[in-house]
J.: 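If you scroll down you'll find the structure; I have some questions about it.
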Amino acid sequence: MKKHRILLSITIVFMMALTLAAPTVYGAEKNVIKQKEVMVPAKQSVENVIVFGHDAIVKGKVKTAVIVINGNVDIKKKAKVKELVLVIGGHVKQEAGSKVTDNIIAMNLNSPSQNSLFLGGLVLISGWLLRLIASIVLVFLTVLAGMSLHKRTNSLAEVTKGQAPRLILSGAIISAALLVVGVLLGITVIGIPVSILVLLLPVLIFITGLAVYSHELAVQFSGLENKAPWLRYLTGSFLLVSLFNFPIIGSIFFFLLFFLSLGGAFKFLFERFRARK
């Protein structure tokens with residue numbers, strides 16, 4: 001029972017996240033993800049069936065799972081579902097002769113308002129979990145970048161001292177320029193790989209900048225000056241990433257730090273290039 005509850009929780013979280021990120025598609029992998037009634041005809045085989053707000057009728061074969069949120073599932077005679085059938089806010093009807101290899105889980109509340117409240121809560125929880133995971137990954141990458149560039153952290157930090165407003169402005173302009181170039185390159189098939197690299201560059205620079213500012217923030221605390229470098233990067237990045245999660249203020253702070261990192265990185269590279277001449 002505990003295993004199925006864990007499986008159910010993971011499935012709900014990621015299916016809720018998928019609704020926010022993925023369009024309604026019928027892909028080449030035969031994954032059916034729709035917001036209207038879906039029917040899998042007899043003698044047809046699909047990988048997954050995921051339906052939101054409507055019913056699913058299965059007459060053929062589903063290789064993995066059928067997941068319906070706020071709708072019903074009707075499994076017809078001779079239909080086959082190899083794994084899970086999960087229904088939230090609806091009912092499951094299974095005719096004799098059909099076969100479901102794994103469990104059938106149906107969660108249905110008494111009224112549409114209760115179903116909507118329940119689903120809304122799941123969306124909020126899944127969003128919170130995704131943000132938590134993203135924060136943990138960002139802290140990990142920041143510590144990794146800091147340890148890789150530890151000997152150059154001080155020189156990178158010197159670039160931004162006393163010039164934060166100008167660097168933020170230049171970083172915003174550079175970000176807009178890179179975005180336009182990346183979009184224009186992405187229009188052509190040949191330019192897509194270059195477009196990905198152009199759009200990935202600011203992300204890598206931001207992680208590097210976050211490592212620099214995390215170290216500068218951590219050394220301001222008494223007792224951390226002589227600690228291991230990884231601990232300073234971990235402490236500073238934890239505090240900065242925590243600030244990102246505050247509503248409105250966190251988003252503003254994130255973009256300011258992003259632009260500052262980008263502007264500082266380009267200024268650092270420009271000064272190094274000019275020094276070599």
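Just the heavy atoms: all of them, side chains too, but no hydrogens, waters or symmetry mates, feed the values below. All values derive from a computational prediction rather than experimental measurement.
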J.: Working to the nearest 0.5 Å, report the span between NZ of K78 and NZ of K61.
T.: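 Reported value, rounded in 0.5 Å steps: 15.5 Å.
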
J.: Considering non-hydrogen atoms only, spot the tightest contact between V51 and A56 and give its length.
T.: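 In this case the closest contact between V51 and A56 is CG2-CB, 4.0 Å.
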
J.: Of all the heavy-atom pairs spanning L167 and S170, show the shortest one and how long it is.
T.: O-OG, 2.9 Å

J.: If only atom types and distance count, is the side chain of H54 paired as donor or acceptor with the main-chain N or O of Q35 below 3.5 Å?
T.: yes

J.: Check the pair N70, I88 against side chain to side chain contact (heavy atoms under 4.5 Å, CB included), reporting the backbone distance first and the verdict last.
T.: CA-CA 6 Å; N70 207 19; I88 301 175; over 6 Å; no

J.: Using salt bridge (charged side-chain N to carboxylate O under 4.0 Å, His left out) as the criterion, list what pairs up with D74, not counting sequence neighbours.
T.: K76

J.: Are any of the side-chain heavy atoms of I104 and Q94 separated by less than 4.5 Å?
T.: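 Yes, their side chains come closer than 4.5 Å.
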
J.: What's the separation between atom CG in L256 and atom CD1 in I168, rounded to the nearest 0.5 Å?
T.: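 The distance works out to 5.0 Å.
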
J.: Which pair of heavy atoms, one from A106 and one from V92, lies closest together, and at what distance?
T.: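 In terms of heavy atoms, the two residues are closest at CB-CG2, 4.1 Å.
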
J.: Would you say the side-chain atoms of Q220 pair up with the backbone N or O of E216, donor to acceptor, closer than 3.5 Å?
T.: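 Yes; judged by distance alone, with no hydrogens or angles, the pair exists.
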
J.: Between atom CD1 of I205 and atom CG of L262, what is the distance when rounded to the nearest 0.5 Å?
T.: 5.0 Å

J.: Verify the ring-centre separation between F206 and F254: is it less than 6.0 angstrom?
T.: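 That pair passes the under 6.0 Å test.
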
J.: Between S261 and Y213, is a side chain to side chain contact (heavy atoms under 4.5 Å, CB included) present by the stated rule, with each step listed?
T.: CA-CA 9 Å; S261 300; Y213 304 128; 3.5 Å; yes

J.: Is there a side chain to side chain contact (heavy atoms under 4.5 Å, CB included) between L179 and L199 once you walk through the steps?
T.: CA-CA 7 Å; L179 180 62; L199 296 177; 4.2 Å; yes

J.: Show the numbers, then the answer: is there a side chain to side chain contact (heavy atoms under 4.5 Å, CB included) between F52 and I33?
T.: CA-CA 8 Å; F52 304 98; I33 307 174; 4.0 Å; yes

J.: Looking only at heavy atoms, which two atoms of V38 and V49 are closest? And how far apart?
T.: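 Looks like CG1-CG1, 4.1 Å.
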
J.: Can you see which heavy atom on S214 is nearest to which on Y233, and at what distance?
T.: CB-O, 3.9 Å

J.: For atom CZ of F244, is the number of surrounding heavy atoms from other residues, nucleotides or ligands below 6.0 Å larger than 12?
T.: yes

J.: Please tell me if the side chains of V219 and R232 come closer than 4.5 Å, counting only heavy atoms from C-beta onward.
T.: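 A side-chain contact under 4.5 Å exists here.
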
J.: With the side chain counted from C-beta on, respond yes when S98 and K80 share a heavy-atom pair under 4.5 Å apart, and no when they do not.
T.: no

J.: Quiz question: by atom type and distance under 3.5 Å, do the side chains of T64 and E83 form a donor-acceptor pair?
T.: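 No, no side-chain donor-acceptor pair sits under 3.5 Å.
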
J.: Is I105 close to V87 at the side-chain level, that is, under 4.5 Å between some pair of heavy atoms?
T.: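 No, side chains not in contact.
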
J.: How far does CG of L260 sit from CG of L210, to the nearest 0.5 angstrom?
T.: 11.0 Å

J.: Using side-chain heavy atoms (C-beta onward) and a distance below 4.5 Å, is K59 in contact with M39?
T.: yes

J.: Under 4.5 Å between side-chain heavy atoms, hopping through other hydrophobics if needed: is there a path connecting F255 to F253?
T.: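 In one cluster: yes.
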
J.: Side-chain donor-acceptor pairs under 3.5 Å in residues 128-149, sequence neighbours left out?
T.:
from, atom 1, to, atom 2, distance (Å)
R131, NH1, N245, O, 3.4
S135, OG, R131, O, 2.8
S135, OG, N245, ND2, 3.3
T142, OG1, L138, O, 2.7
S148, OG, L144, O, 2.8

J.: Treat each ILVMFWY residue as a node, draw an edge where side-chain heavy atoms are under 4.5 Å apart, and state whether L201 and V198 are in one component.
T.: yes

J.: Is L243 reachable from F238 through a run of hydrophobic residues whose side-chain heavy atoms are each under 4.5 Å from the next?
T.: yes

J.: Any chance you could measure N48, atom CG, to N31, atom CG, to the nearest 0.5 Å?
T.: 4.5 Å

J.: Determine the sole option in V46, I75, I57 for which the side-chain contact (heavy atoms from CB on, under 4.5 Å) test with V40 is passed.
T.: V46

J.: Work out which heavy atom in A218 is nearest to a heavy atom in G236; give both atom names and the distance.
T.: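 Closest pair (atom of A218, atom of G236, distance): CB-N, 4.1 Å.
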
J.: For the pair S251 (side chain) and P247 (backbone), establish whether a donor and an acceptor sit closer than 3.5 Å, ignoring hydrogens and angles.
T.: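 No.
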
J.: What's the spacing between L240 CG and T235 OG1 if we round to 0.5 Å?
T.: 11.0 Å

J.: Anything under 3.5 Å between a donor and an acceptor, one on a side chain of residues 181-190, the other on a protein residue two or more places apart or in another chain? List them.
T.:
from, atom 1, to, atom 2, distance (Å)
T188, OG1, L185, O, 3.2
T188, OG1, G191, N, 3.2

J.: Could you state whether V180 and I196 fall into the same hydrophobic cluster, counting links through intermediate Ile, Leu, Val, Met, Phe, Trp or Tyr residues with side-chain heavy atoms under 4.5 angstrom apart?
T.: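 Each belongs to a different hydrophobic cluster.
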
J.: Under a single-linkage definition using a 4.5 Å side-chain heavy-atom cutoff for Ile, Leu, Val, Met, Phe, Trp and Tyr, are I192 and V203 assigned to the same hydrophobic cluster?
T.: no

